[in-house]
Amino acid sequence: MIFYVGAGLLSALVTFGLAHLITRLGMKYRLYPAIRERDVHKRPTPRLGGIAMFIGILVTFGVASQLPQFHLIFAKPGPIFAILGAALIIVAMGVADDIWDLDWVTKLAGQLIAAGLIAWQGVQLTSLPISGGVILLSSYSGLIITVLAIVLVMNALNFIDGLDGLVAGVAIIANGVFFLYSYILATKIAQTEYFNLASFITAVLIGACVGFLPLNWHPAKLFMGDAGSTLVGLLMATSAIAVTGQVDVANVQMSRQLFPAFIPILLPFAVLIVPLMDFCLAVLRRLRAGKSPFSADRKHLHHRLLDMGHSDVHAVILFYAWTTVVSLGCLSFLYLPTVWAVSLVLLGLIICAAFTLAPLTRRKAAESAVQLASADLTAEAGVERFDRLDAATNDTAIDAATETLDERAAAAAALDALSRKDTTP
């Protein structure tokens with residue numbers, strides 16, 4: 001555990017230092033795009049934080065490769081080079097998109113290449129739980145499913161990257177729970193090697209997000225941009241897929257132990273349920289409108305939370321809460337009876353829903369109170385009506401307006417008469 005913590009700490013320190021440097025250079029040389037209509041922030045902010053995160057991760061991989069404790073992870077260099085190569089592709093394409101605004105076809109092609117590189121080097125799904133059993137995947141079908149899963153998670157994380165600290169915080173929570181699961185898997189369930197690729201990627205990614213978050217918290221001084229959000233999604237999906245290789249399907253009992261053994265497949269989608277839901281809704285919304293599924297708009301879930309009345313910080317904390325409830329709830333099935341685990345998840349979801357809908361409840365109560373108040377009490381209190389058109393239907397207001405118009409017309413006629421009298425010879 002000490003070596004994993006050390007790896008995460010190194011990643012955090014390098015990322016934090018580089019993020020400070022990039023922030024200064026970005027502001028000094030104006031390396032930031034213009035504020036778009038859909039953006040929430042009000043001042044120009046650099047979007048190159050993904051570069052700091054990538055270098056922090058790269059340095060940590062390099063240092064860890066020289067430590068004997070991580071020897072087994074780097075014994076097969078193929079997957080390592082594939083992961084870092086895919087990360088480089090994603091970061092380079094993300095930076096180019098932040099600067100030149102690439103079209104969605106180019107971005108999708110780059111994502112498919114990066115995901116395909118990882119799957120080609122053996123980091124791919126080999127089996128899936130189906131109907132109480134296990135189905136083994138062929139190398140061809142496993143490669144396709146792996147590529148699609150990685151691309152899906154990358155875009156889901158990218159789609160929610162609209163508020164300060166959102167992606168970094170969600171990634172810290174989700175990967176923290178996932179690291180805990182990988183530890184349980186290595187020591188209790190699958191009895192595998194403690195130092196493994198999945199746990200190492202997760203620890204390093206947590207460190208990079210922790211180092212980046214101080215500069216990204218509201219009000220953000222630096223954004224991770226597409227380079228950072230897709231990098232986080234790539235590594236989260238890769239670590240989840242890599243951990244499935246630790247499970248020996250032949251040794252898994254077809255009973256209570258089957259579900260925990262395949263939490264690695266379910267957990268990434270569980271902890272990302274909100275981003276994935278946002279992604280699916282956005283794609284359907286845009287296709288129905290005849291637009292590209294990757295075209296930008298201001299109708300994401302975080303935008304809707306702001307429109308409901310939540311502040312930026314409150315909206316981000318709500319995303320954190322939903323992620324925590326779902327991820328820890330999924331993990332609770334390992335230790336608690338199913339009934340208790342389901343009950344805890346439902347309770348957490350109800351609490352999160354109550355806080356999410358709280359602004360609407362308060363607004364509805366305020367509107368009802370004003371509408372039920374009498375006209376005299378409302379006027380005495382100096383409270384305006386919610387619907388200003390109500391004044392147009394008020395007889396007193398109509399009479400007053402008519403009298404004012406009549407008085408103005410009479411005054412105008414008198415002035416006209418005086419003017420004529422003065423000019424008469």
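Residue numbers count from 1 along this sequence.
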Can I get a per-line list of side-chain donor-acceptor pairs under 3.5 Å for residues 5-15, giving both atom names and the distance, sequence neighbours left out?
| unit_1 | atom_1 | unit_2 | atom_2 | d |
| --- | --- | --- | --- | --- |
| Ser11 | OG | Val204 | O | 3.0 |
| Ser11 | OG | Ala208 | N | 3.2 |
| Thr15 | OG1 | Ser11 | O | 2.7 |

Legend entry - Residue pair Ile73 / Phe70, side-chain heavy-atom distance below 4.5 Å: yes
Legend entry - Phe3 atom CZ, neighbour heavy-atom count above 12 within 6.0 Å: no
Inset, instruction - For side chain to side chain contact (heavy atoms under 4.5 Å, CB included), just list the numbers for Asp312 and Val316, CA-CA rounded to whole Å, side-chain angles, deciding distance to a tenth of an Å, and then say yes or no. - result: CA-CA 6 Å; Asp312 289 27; Val316 169; 5.7 Å; no
Do the side chain of [X] and the main chain of [Y] share a donor and acceptor less than 3.5 angstrom apart?
X: Asp97; Y: Met93; answer: no
X: Ser199; Y: Asn196; answer: no
X: Asp98; Y: Gly225; answer: no
X: Asn155; Y: Val151; answer: yes
X: Asp164; Y: Trp217; answer: no

Which value, rounded to the nearest 0.5 Å, describes the distance between [X] atom [atom1] and [Y] atom [atom2]?
X: Phe54; Y: Leu235; atom1: CZ; atom2: CG; answer: 9.5 Å
X: Asp226; Y: Asp161; atom1: CG; atom2: CG; answer: 7.5 Å
X: Met224; Y: Leu166; atom1: CE; atom2: CG; answer: 9.0 Å
X: Leu21; Y: Leu48; atom1: CG; atom2: CG; answer: 11.0 Å
X: Gln111; Y: Ile150; atom1: CD; atom2: CD1; answer: 11.0 Å
X: Met53; Y: Leu58; atom1: CE; atom2: CG; answer: 13.5 Å

So which atom in [X] and which in [Y] form the shortest heavy-atom distance, rounded to 0.1 Å?
X: Leu197; Y: Ala242; answer: CD2-CB, 4.5 Å
X: Val232; Y: Leu205; answer: O-CD2, 3.9 Å
X: Ala220; Y: Asn216; answer: CB-O, 3.5 Å
X: Pro46; Y: Leu222; answer: O-CD1, 3.6 Å
X: Asn158; Y: Ser229; answer: OD1-OG, 2.9 Å
X: Gln69; Y: Phe195; answer: O-CG, 3.3 Å

Legend entry - Residue pairs passing the side chain to side chain donor-acceptor pair (under 3.5 Å) test where at least one lies in residues 351-360, sequence neighbours excluded: Trp322-Thr356
Inset, instruction - Please step through ring pair (Phe, Tyr, Trp, His ring centres under 6.0 Å) for the pair Phe212 and Phe16, ending with a clear verdict. - result: CA-CA 6 Å; Phe212 177 74; Phe16 181 74; over 10 Å; no
Inset, instruction - Test Leu234 against every option in Ile201, Val153, Ile118 by the side-chain contact (heavy atoms from CB on, under 4.5 Å) rule and name the one that passes. - result: Ile118
Legend entry - Pair Ser141-Ser138, side-chain donor/acceptor within less than 3.5 Å: yes
Legend entry - Verdict with supporting geometry, Ile51 and Leu18, side chain to side chain contact (heavy atoms under 4.5 Å, CB included): CA-CA 8 Å; Ile51 298 176; Leu18 288 175; over 6 Å; no
Legend entry - Residues Leu344, Val325; criterion side chain to side chain contact (heavy atoms under 4.5 Å, CB included); working and verdict: CA-CA 9 Å; Leu344 287 177; Val325 168; over 6 Å; no
Inset, instruction - Determine, stepwise, if the pair Val123 / Thr146 fulfils side chain to side chain contact (heavy atoms under 4.5 Å, CB included). - result: CA-CA 8 Å; Val123 183; Thr146 298; over 6 Å; no
Inset, instruction - Using the six-membered ring wherever Trp is involved, compare the ring planes of Tyr181 and Phe178 and label them parallel, tilted or perpendicular (cut-offs 30° and 60°). - result: tilted
